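These numbers were taken from a predicted model, which means no experiment stands behind them. One is the number of the first residue; the rest follow in order along the sequence. Because only heavy atoms are used, hydrogens play no part in the values below, and waters and symmetry mates are left out as well, while side chains stay in.
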Amino acid sequence: QSDRNVVTIGRPHIGEEITSYNGFPSGALTAHLPMLFKGAFGGSYDSAFYVQNLDPAQTASITIDFHDTEGVLTCSLGDTIAPLASKGYWVPSQTCLPEGWVGAAVVTSDRPVAAIGRPHIGAQVMTYNGISSGDLNTYLPMLFKNAFGGSYDSAFYVQNLEDNLTADVSVQFYDIAGTLTCTQPAAPLAPLAVRGTWVPDEDRSGNRSWRRPGPAARSRTARGTRRAPRSVRPHPHGGAPRFPPWRAASAPAPAPAAHG
């Protein structure tokens with residue numbers, strides 16, 4: 001607490017990994033975690049998440065709904081969290097989820113909560129803030145495709161936050177000068193479904209395999225529009241290459257689709 005405006009950043013150190021996340025000025029009764037895994041992509045993708053009850057006096061009763069990438073409810077669990085307490089959930093320990101599961105969690109509560117997602121991708125660990133609501137436009141200012149000598153790549157994830165409305169999602173990719181590089185046409189995203197995009201698979205025509213850009217056009221931003229609120233999580237990759245986020249290293253590339 002402060003008598004002047006402040007902001008906070010958390011920096012967990014997990015073994016040799018260092019992550020960060022934004023502090024929460026307030027909580028909400030719903031939190032969306034759109035990027036979670038259980039033994040996915042050959043077993044190298046796992047995840048955890050944390051939920052804090054922000055009410056200083058009342059215990060929170062929460063429900064966690066796990067949805068697969070098609071938006072289908074896989075399973076639910078209930079729990080309680082003491083005032084101002086935080087609980088962690090290791091997704092591989094959730095026996096109601098099948099091995100290889102990929103999807104999202106929706107946390108609903110009768111008290112304001114804050115949530116943090118923590119994907120484990122091989123030996124790498126990252127964190128992101130849970131999202132209480134979506135918007136019809138969203139921006140991703142840090143994306144790469146084979147940039148800086150080929151060692152910088154990226155992915156991003158989109159979730160439709162509507163319970164019963166399909167979202168039409170389109171994406172526009174811009175280079176670092178703000179020039180439109182290509183547009184992915186609108187494609188449907190089912191209620192509560194999640195779609196992941198591996199940026200190196202995208203090309204200028206709306207298909208895959210973008211032509212490698214020149215030095216001035218390596219970093220890209222993506223702007224998405226749709227008719228239903230959604231959340232987006234970026235996942236830049238720098239240094240050694242990693243498996244694409246939505247398929248195993250040995251799996252064939254997915255069919256072309258519009259993402260955002």
Report summary line: Tightest non-hydrogen contact, residues T166 and P191, listed as OG1-CD, 3.7 Å
Please tabulate, for the side chains in residues 16-26, all donor-acceptor contacts under 3.5 angstrom to protein atoms that are two or more places apart in sequence or on a different chain.
from, atom 1, to, atom 2, distance (Å)
E17, OE1, V125, N, 3.4
T19, OG1, T127, OG1, 3.3

Query raised in the report: For L33 and G117, which heavy atoms make the closest approach, and how far apart are they?
Result: CD2-N, 3.6 Å
Query raised in the report: Do the non-hydrogen side-chain atoms of V113 and L54 ever get within less than 4.5 Å of each other?
Result: no
Query raised in the report: Under a 4.5 Å cut-off applied to non-hydrogen side-chain atoms, are L192 and N160 in contact?
Result: no
Query - Minimum-distance pair of heavy atoms, taken over all atoms of E202 and T197 - result: OE2-CG2, 3.5 Å
Report task. Kindly determine whether V194 and M35 satisfy side chain to side chain contact (heavy atoms under 4.5 Å, CB included), including the steps that lead there. Result -> CA-CA 8 Å; V194 181; M35 182 172 58; over 6 Å; no
Query raised in the report: Taking a hydrophobic cluster as the set of Ile, Leu, Val, Met, Phe, Trp and Tyr residues connected by side-chain heavy atoms closer than 4.5 Å, whether directly or through intermediates, do Y128 and V51 fall within one such cluster?
Result: yes
Report task. Name all residues meeting the side-chain contact (heavy atoms from CB on, under 4.5 Å) criterion together with A85; count only those two or more places apart in sequence or in a different chain, and write none if there are none. Result -> I81, A82
Query raised in the report: Does Q94 reach the side chain of K38, with side-chain heavy atoms less than 4.5 Å apart?
Result: no
Query - Flag side-chain contact, heavy atom, 4.5 Å: T74 against P98 - result: yes
Query raised in the report: Are K87 and D79 close enough for a salt bridge, meaning some N to O gap below 4.0 Å?
Result: yes
Query raised in the report: Are any non-hydrogen side-chain atoms of L29 and T108 less than 4.5 angstrom apart?
Result: no
**Report entry** Within one Ile-Leu-Val-Met-Phe-Trp-Tyr cluster: F37 and M126, side-chain cutoff 4.5 Å
**Finding:** yes
Query - Sidechain-backbone polar pair: D55 side chain, R111 backbone, donor-acceptor under 3.5 Å - result: no
Query - All side-chain hydrogen bond (donor to acceptor under 3.5 Å, both in side chains) counterparts of S76, not counting sequence neighbours - result: D65
Report task. Check whether any side-chain heavy atom of C75 sits under 4.5 Å from a side-chain heavy atom of L97, and report yes or no. Result -> yes
Requested in this report: Determine whether I64 and I62 make a side-chain contact, defined as any pair of heavy atoms from C-beta on separated by less than 4.5 Å.
Outcome: yes
Query raised in the report: Using a distance-only test with no angle check, is there a side-chain donor-acceptor pair under 3.5 angstrom linking R118 and Y50?
Result: yes
Query raised in the report: How many angstroms lie between atom CG of N137 and atom CD of Q172, to the nearest 0.5 angstrom?
Result: 9.0 Å
Requested in this report: Of all the heavy-atom pairs spanning A40 and V102, show the shortest one and how long it is.
Outcome: CB-CG2, 3.5 Å
Quick one: side chains of residues 2-13, donor-acceptor pairs under 3.5 Å with protein atoms, not counting sequence neighbours, listed by atom name and distance.
from, atom 1, to, atom 2, distance (Å)
S2, OG, R4, N, 3.0
S2, OG, R4, O, 2.8
R11, NE, H13, NE2, 2.9
R11, NH2, H13, NE2, 3.3

Report summary line: For residues 54-111, the ring-ring contact (aromatic ring centres under 6.0 Å, His included) pairs (sequence neighbours left out) are F49-Y89, F66-W101, W90-H120
Report summary line: Between A186 and D168, the two heavy atoms sitting closest are CB-CB, 4.3 Å
Query - Exam field: side chain S154 to backbone L143, donor-acceptor pair closer than 3.5 Å - result: no
Query raised in the report: OG1 of T181 to CZ of F173: how many Å apart, nearest 0.5 Å?
Result: 9.0 Å
Query raised in the report: Taking all atoms of both residues into account, what is the closest heavy-atom pair of P200 and D153, and its distance?
Result: CG-OD1, 3.2 Å
Requested in this report: Please tell me if the side chains of S109 and N53 come closer than 4.5 Å, counting only heavy atoms from C-beta onward.
Outcome: no
Report task. Evaluate side chain to side chain contact (heavy atoms under 4.5 Å, CB included) for T63 paired with V107, printing each intermediate quantity in order. Result -> CA-CA 6 Å; T63 300; V107 181; over 6 Å; no
Query - Counterpart residues, side-chain hydrogen bond (donor to acceptor under 3.5 Å, both in side chains), relative to S132 (two or more places apart) - result: none
Requested in this report: To the nearest 0.5 angstrom, please state how far the CG atom of D110 sits from the OG1 atom of T59.
Outcome: 9.0 Å
